[in-house]
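This one's a predicted model, so the numbers in the text were calculated from it and none came from an experiment. In what follows, chains carry the letters A, B, and so on, assigned in the order in which the sequence lines appear, proteins first and then strands, with residues in each chain numbered from 1.
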Number of protein chains: 2
Amino acid sequence: MQISSRFTIALHIFTCVDTFGDDHKVTSDFLAASINTNPVIIRKILTQLKNAGLITVARGTGGIELTRELSEISFYDVYEAIEPVEGGDLFRFHEAPNPACPVGRNIHALLDGKLNSIQDAMENEMKKYTLMDLRTGMKELLAEEV
Amino acid sequence: MQISSRFTIALHIFTCVDTFGDDHKVTSDFLAASINTNPVIIRKILTQLKNAGLITVARGTGGIELTRELSEISFYDVYEAIEPVEGGDLFRFHEAPNPACPVGRNIHALLDGKLNSIQDAMENEMKKYTLMDLRTGMKELLAEEV
DNA sequence: TTTCGTTGTAACCATTGACATTACAACTAA
DNA sequence: TTAGTTGTAATGTCAATGGTTACAACGAAA
């Protein structure tokens, strides 16, 4: 199991918007070139970010605007916008354990709390990072490049 | 993205072995009935657990034995045995970002450390739970049932 | 008003992984 | 030898991922 590349693509998009937004119009074609994928892939991800209320996209003319400060958008916000996990459960169970078996009928009660704490640990760490960290990190990397 | 049900099935298997191992011979058919799936699914998971050195399986006669104490097998050990993530990276990147783009050629350096810390947070929480917690938890649940 | 660049979205397609199922060889103990 | 079990190959179905083409809708500028 791996988290889909859409998540890191979304972070890539935000980094591009912040890095180039003042100089270029950042379109889905521009982003697709930087990420090396198809513009439609980008547009679908932009739609997800828009539906989550993180950005606005100018139809017709093009251009992406954040709806909040960089420091107010965490990795978790992006993750939540991108990953279509219904119910939000990280761990999947087999659908119908046998209720006639003492273990089968108690397996959810046994595991749910523990699995939730694992998921919480991951999500809480995601909340520690914001898009502001991407700006400062990228500035440092570009300064080193020269 | 969700972690496959094979992980929770593996925990279910361990719980059955501990709960019923003294009274019944715990075969792949027995386990399949408790989990409500196909015995071959069980055998494949048992093969993974065996390859990871967590259990031995008696061919021909049937029967599962742990190679370590319950308290010496963590959820992470099971997760690592079950999830075939090559390289062990939780987050997937798009394969070939554009090296001509300043963001494209630095996106890995920008994100790798942060994503690793998120993955570590999850895995460290997984290491806190062991099969001993499954034994004690299941005993409590069964005691409540009466 | 027309043109041009852009977004939104539908309609496909290929590939992969998850889960299931059947079948059968190999094995072990009774 | 027999009965029960494991190991594994071969298939099948389904969903998700990532890609691609096509085109309508839109907005700004000429």
Side-chain angles (χ1 to χ4, degrees), chain A residues 1-10 12-13 16-17 21 24-33 35-52 55-65 79 82-87 89-98, chain B residues 1-10 12-13 16-17 21 24-33 35-52 55-65 79 82-86 89-97:
Chain A
M1 181 278 318
Q2 281 183 302
I3 290 171
S4 76
S5 65
R6 291 193 307 274
F7 174 63
T8 53
I9 289 176
H12 190 143
I13 288 172
C16 280
V17 169
H24 306 62
K25 183 164 65 169
V26 180
T27 66
S28 61
D29 270 52
F30 179 94
L31 290 164
I35 294 162
N36 194 22
T37 184
N38 191 288
V40 176
I41 303 291
I42 304 296
R43 289 185 212 137
K44 285 178 181 171
I45 293 173
L46 291 177
T47 299
Q48 290 185 282
L49 297 174
K50 199 178 52 176
N51 290 341
I55 61 171
T56 59
V57 182
R59 180 158 198 182
T61 170
I64 297 164
E65 301 275 338
Y79 173 76
I82 291 296
E83 285 291 335
V85 191
E86 68 288 358
D89 283 325
L90 180 60
F91 295 93
R92 191 182 304 168
F93 279 83
H94 199 270
E95 294 91 21
N98 188 347
Chain B
M1 181 281 315
Q2 281 183 302
I3 291 171
S4 77
S5 65
R6 290 193 308 274
F7 174 63
T8 52
I9 290 176
H12 190 143
I13 289 172
C16 279
V17 169
H24 305 62
K25 182 165 64 170
V26 181
T27 66
S28 60
D29 271 53
F30 178 94
L31 290 164
I35 293 162
N36 194 21
T37 182
N38 190 287
V40 176
I41 303 290
I42 304 296
R43 289 185 211 135
K44 284 180 180 168
I45 292 173
L46 290 177
T47 299
Q48 290 185 283
L49 296 174
K50 199 178 53 177
N51 290 341
I55 62 171
T56 60
V57 182
R59 180 159 196 183
T61 171
I64 297 164
E65 301 275 339
Y79 173 75
I82 291 297
E83 284 289 337
V85 191
E86 70 289 358
D89 283 326
L90 179 60
F91 294 93
R92 192 181 304 169
F93 278 83
H94 199 269
E95 295 89 21

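Nearest to the side chain of Asn38(A), among dA11(C), dT6(C), dT21(D), sits dT21(D). Distance from the side chain of Lys25(B) is smallest for dT5(D) among the nucleotides dT5(D), dT20(D), dG8(C). The nucleotide whose nearest atom lies closest to any side-chain atom of Ser4(B) is, among dA20(C), dG18(D), dC19(C), dC19(C).
For dC19(C), one of the phosphate oxygens OP1 or OP2 lies less than 4.0 angstrom from a side-chain nitrogen or oxygen of Ser5(B). A close approach under 4.0 Å does occur between a side-chain nitrogen or oxygen of Thr37(B) and OP1 or OP2 of dA20(C). Residue Lys50(B) places at least one side-chain N or O closer than 4.0 Å to OP1 or OP2 of dG7(D). In this model, the phosphate group of dT17(D) is approached by a side-chain N or O of Arg6(A) to a distance below 4.0 Å at OP1 or OP2. Dashed line: the shortest gap from a side-chain N or O of His94(A) to OP1 or OP2 of dA20(C) is under 4.0 Å.
Mapped onto DNA chain D by nearest heavy atom, Glu95(B) and Gly63(B) fall at different nucleotides, with Gly63(B) at the one closer to the 5' end. Nearest-nucleotide assignment on DNA chain D puts the 5′-proximal partner with Ile64(B), out of Lys44(B) and Ile64(B).
Side-chain contact check for Asn38(B) versus Lys44(B): every heavy-atom pair is 4.5 Å or farther apart. Looking at Leu90(A) and Gln2(B), their side chains never come closer than 4.5 Å, going by heavy atoms from C-beta outward. His24(A) is listed as a side-chain neighbour of Phe30(A), based on a closest heavy-atom distance under 4.5 Å. Looking at Leu49(A) and Ile82(A), their side chains come closer than 4.5 Å, going by heavy atoms from C-beta outward. Contact of the Pro97(A) side chain with the Ile35(B) side chain is not registered, since no non-hydrogen atoms from C-beta on lie closer than 4.5 Å. Between Ile64(A) and Thr56(A) there is no side-chain heavy-atom pair separated by less than 4.5 Å.
Distance Leu31(A) CG to dT7(C) C1': 13 Å, rounded to the nearest Å. For the pair Ile41(B) CD1 and dT21(C) P, the computed distance is 8 Å after rounding to whole Å. Regarding Ile45(A), its CD1 atom lies at a distance of 14 Å from the C1' atom of dA16(D), rounded to whole Å. Note: CD (Gln2(B)) to P (dA16(D)) measures 10 Å, nearest angstrom. Atom CZ in Arg92(B) sits roughly 14 Å away from atom P in dA16(D) (whole-Å rounding). Going from atom CZ of Arg43(A) over to atom P of dA24(D) covers 15 Å, rounded to whole Å. For Gln48(B) and dG17(C), the CD to P distance is 13 Å, given to the nearest whole Å. The CG atom of Asp29(B) sits 9 Å away from the C1' atom of dG4(D) (whole-angstrom rounding).
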Which parts of nucleotides 25-30 of chain C does protein reach within less than 4.0 Å, heavy atoms only, written one letter per nucleotide 5' to 3' as B for base, S for sugar-phosphate only and - for none? BBBS--
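Between atom CZ of residue Arg6(B) and atom CD1 of residue Ile42(B) there is a gap of 12.0 Å, rounded to the nearest 0.5 Å.
Taking both residues in full, the closest heavy atoms of Asn36(B) and His94(A) are given as O-CE1, 2.8 Å, listed atom of the first, atom of the second, then distance.
Among the protein residues, Val40(A) comes within range of the nucleic acid bases, having at least one heavy atom under 4.0 Å from a base atom.
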